[in-house]
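So you know, we letter chains A, B, ... as the sequences are listed, proteins then strands, and number each from 1.
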Number of protein chains: 2
Amino acid sequence: MAGESRSSAVTMADVAERAGVSRALVSIVFRGVVGASAENRERVMRAAAELGYSPDRRARLLGSSRSRTLGVVFGLHHEFHTELVERFYQGVERTEFDLALGATAPTRTERTAVQSLLEFRCEALLLVGPTMQRKDLDALASQVPVVVLARDLRAPSCDVVRTDDEHGARIAVEHLVGLGHRAVVHVDGRRAPGAAERRRGYRKAMESAGLSAQVRVIPGGLTEEDGERAAADVLSGRSRPTGVVAFNDHCAAGLLSAARQDGVAVPRSLSLVGYDDSRIAGLSSISLTTIAQDSRRLAGAALDLAVRRAGGWDEPPVDTVVPPRLVVRGTSATPERRR
Amino acid sequence: MAGESRSSAVTMADVAERAGVSRALVSIVFRGVVGASAENRERVMRAAAELGYSPDRRARLLGSSRSRTLGVVFGLHHEFHTELVERFYQGVERTEFDLALGATAPTRTERTAVQSLLEFRCEALLLVGPTMQRKDLDALASQVPVVVLARDLRAPSCDVVRTDDEHGARIAVEHLVGLGHRAVVHVDGRRAPGAAERRRGYRKAMESAGLSAQVRVIPGGLTEEDGERAAADVLSGRSRPTGVVAFNDHCAAGLLSAARQDGVAVPRSLSLVGYDDSRIAGLSSISLTTIAQDSRRLAGAALDLAVRRAGGWDEPPVDTVVPPRLVVRGTSATPERRR
DNA sequence: GATCGAGACTAGAGCGCTCTAGCCCTTGAA
DNA sequence: TTCAAGGGCTAGAGCGCTCTAGTCTCGATC
């Protein structure tokens, strides 16, 4: 058969034969455990290289009772999810585990992704921003250790790692107040996940700054269109604010483009803070000051939990909250003096 | 051990016992092949459901000599790559194969990704926009069937599926000319992959339209900053063009923001066409007319090739070229009458 | 009534590893 | 000298499936 010339199946036995040792010894060498002389170790590696051998993952996993695999379910098109995945890859190198990716997309459900990861016998699952129903999540968590990221759950049946959204909104406000703003409004996310926390953070921060009288929450949303719509409320009226904390970057971008179209100079006449540090915030034509989630710590904490759970750690679910940080770009500045 | 209460290992043997049949029969049922009575099929499925059994992928793959797995190497942060991955998922359902993802990121090399997929004994590899050196690619292709997407190779050692960039630039020009533009310039991508083809497409289209005299290529680049820089060239001078075909969307976005800052109305005074249909093109504040790659056909063609190669198809490498299409948004319109 | 064939089912040998048990040898302490 | 300890190595039994080569049953055919 023509295909035979390709790698074909060079197995551990072939390597063993060529190196003149037993299969078991080859296994020892490839697992990197003690029990082989330096000489033989070298011999085996050479033989393997000559034959182009690489161990068969499937067999390897089957042989040991543990799969040493962590499953990650993430949204293929969510930039923040993919950022977390990258962090996972980085973090997992320090462990004895490997990662298996299960992507989610408009045409591929979480259910499908989870199913396929389960077939690989992952020892724990990392779910990034899962949208599945609560009862499905609970059911899953009873089958396999689960760590949920970026979704707030009350009374969780599994570990949760998330960003402190209240704190995020707070530091956004503090940034503006620190620059000298007093009239700072919040364009919120209505009922989106996280919206309530951000609203609360905004309110509390304003109160702490002695600006209770200035508190004003304007209904917004998640999209640019929502931001554009909210712009009407923000910009009209006598009491135009000098600072806006928006629910997220897209909303802020809509607001920004509407403001500029109205001839309002940003940041000279209006400062704007987004949320998420999504890619558009970094575009030079937008250059949005925003709140960034600490993907590194989020991923690190989640990975740590997953590994411990996989190792049999059996304590009640843990809720880990990571503070976000401010990223200052071009849409925030000292307010101009008016009147 | 505490972990035992979780799924633990329920195997085919457990299902067989519960259903009162042999393991082999359970296998037959789960593989969905003929050879089991309706009654027993039902019995087995019921037993499996009761036990919460799902077949072990690792063992399954090991048992059959073929892995029935296609590996995909893609850039985690490239939106176009992830779009292709989604298409792959869709397409692969119609086949007998499964997908294994190997993500690439700034901190994770293609080499690592390929290595891990190879350990899974993928029967073919789909490389999306691979950046590895030519000789590494050739070496890889000699080990396992490889299909390369979105990278132009001359005299390839493997199948290539790509977009017809020359054609893309051509239809961008034709769109503008069709709207009545005559002074159409091209802000190019210098030496970026695809830049030469797009330049050629622009030139040829202009010539076909009888506008050879208007041909003008301005050095650009891939980023917004490149676009902003090119804007100076485009907008200055007596002979300002009415239409611009940019190398890509980011370049076009930079151009757009610079033009607007200069008080040039888009699309009234200047029409702009980008390339790639990236996410920013769809942002309402940008709303860029652009050229979209046909991810569906690209993925379909690549998948088809991979499956055939995996099946032992052994013809010389195939080069598949897919035409892109125009996406009209808000940055292109009939030119205003001047003078 | 013997023969055949098809369908339903099973036994059991792999697949390529891991890992335990045990062998052989050398070394150092008793 | 004896024995324990331990390093280096191997045999061989799994791991949970797939798949070939059967066996058995039953009804149709000659």
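One finds the OH atom of A:Y89 at 6.0 Å from the CG atom of A:L99 (value rounded to the nearest 0.5 Å).
Both B:A36 and A:Y53 lie close to DNA chain C; mapped to their nearest nucleotides by heavy-atom distance, the more 5′-ward contact belongs to B:A36.
Salt-bridge check for B:R111 with B:D136: failed, with every basic side-chain N at 4.0 Å or more from each acidic carboxylate O. By the 4.0 Å N-to-carboxylate-O rule, A:R134 lies close enough to A:D138 to be salt-bridged with it. In summary, A:D14 and A:R18 do not engage in a salt bridge, as defined by a charged side-chain N under 4.0 Å from a carboxylate O.
B:E123 places no side-chain N or O within 3.5 Å of a backbone atom of B:R66 that could act as its donor or acceptor partner.
Counting heavy atoms from C-beta outward, A:L298 and A:F80 have side chains that approach closer than 4.5 Å.
Scored by the salt bridge (charged side-chain N to carboxylate O under 4.0 Å, His left out) test, B:R43 finds B:E39 as partners (sequence neighbours excluded).
Whole-Å rounding puts the A:R31 CZ to D:dC9 P distance at 14 Å.
Applying the 4.0 Å criterion to OP1 and OP2 of D:dG8, one finds that A:N40 has every side-chain N and O outside that range.
Of the residues in residues 16-25 of chain B, those lying under 4.0 Å from DNA chain D by heavy-atom distance are B:R23, B:A24.
When DNA chain C is scanned in the 5' to 3' direction for atoms under 4.0 Å from non-hydrogen atoms of chain B, the outermost contacting nucleotides are C:dA8 to C:dG16.
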Full working for salt bridge (charged side-chain N to carboxylate O under 4.0 Å, His left out) between A:D56 and A:R60:
CA-CA 6 Å; A:D56 186 322; A:R60 198 160 202 179; over 6 Å; no

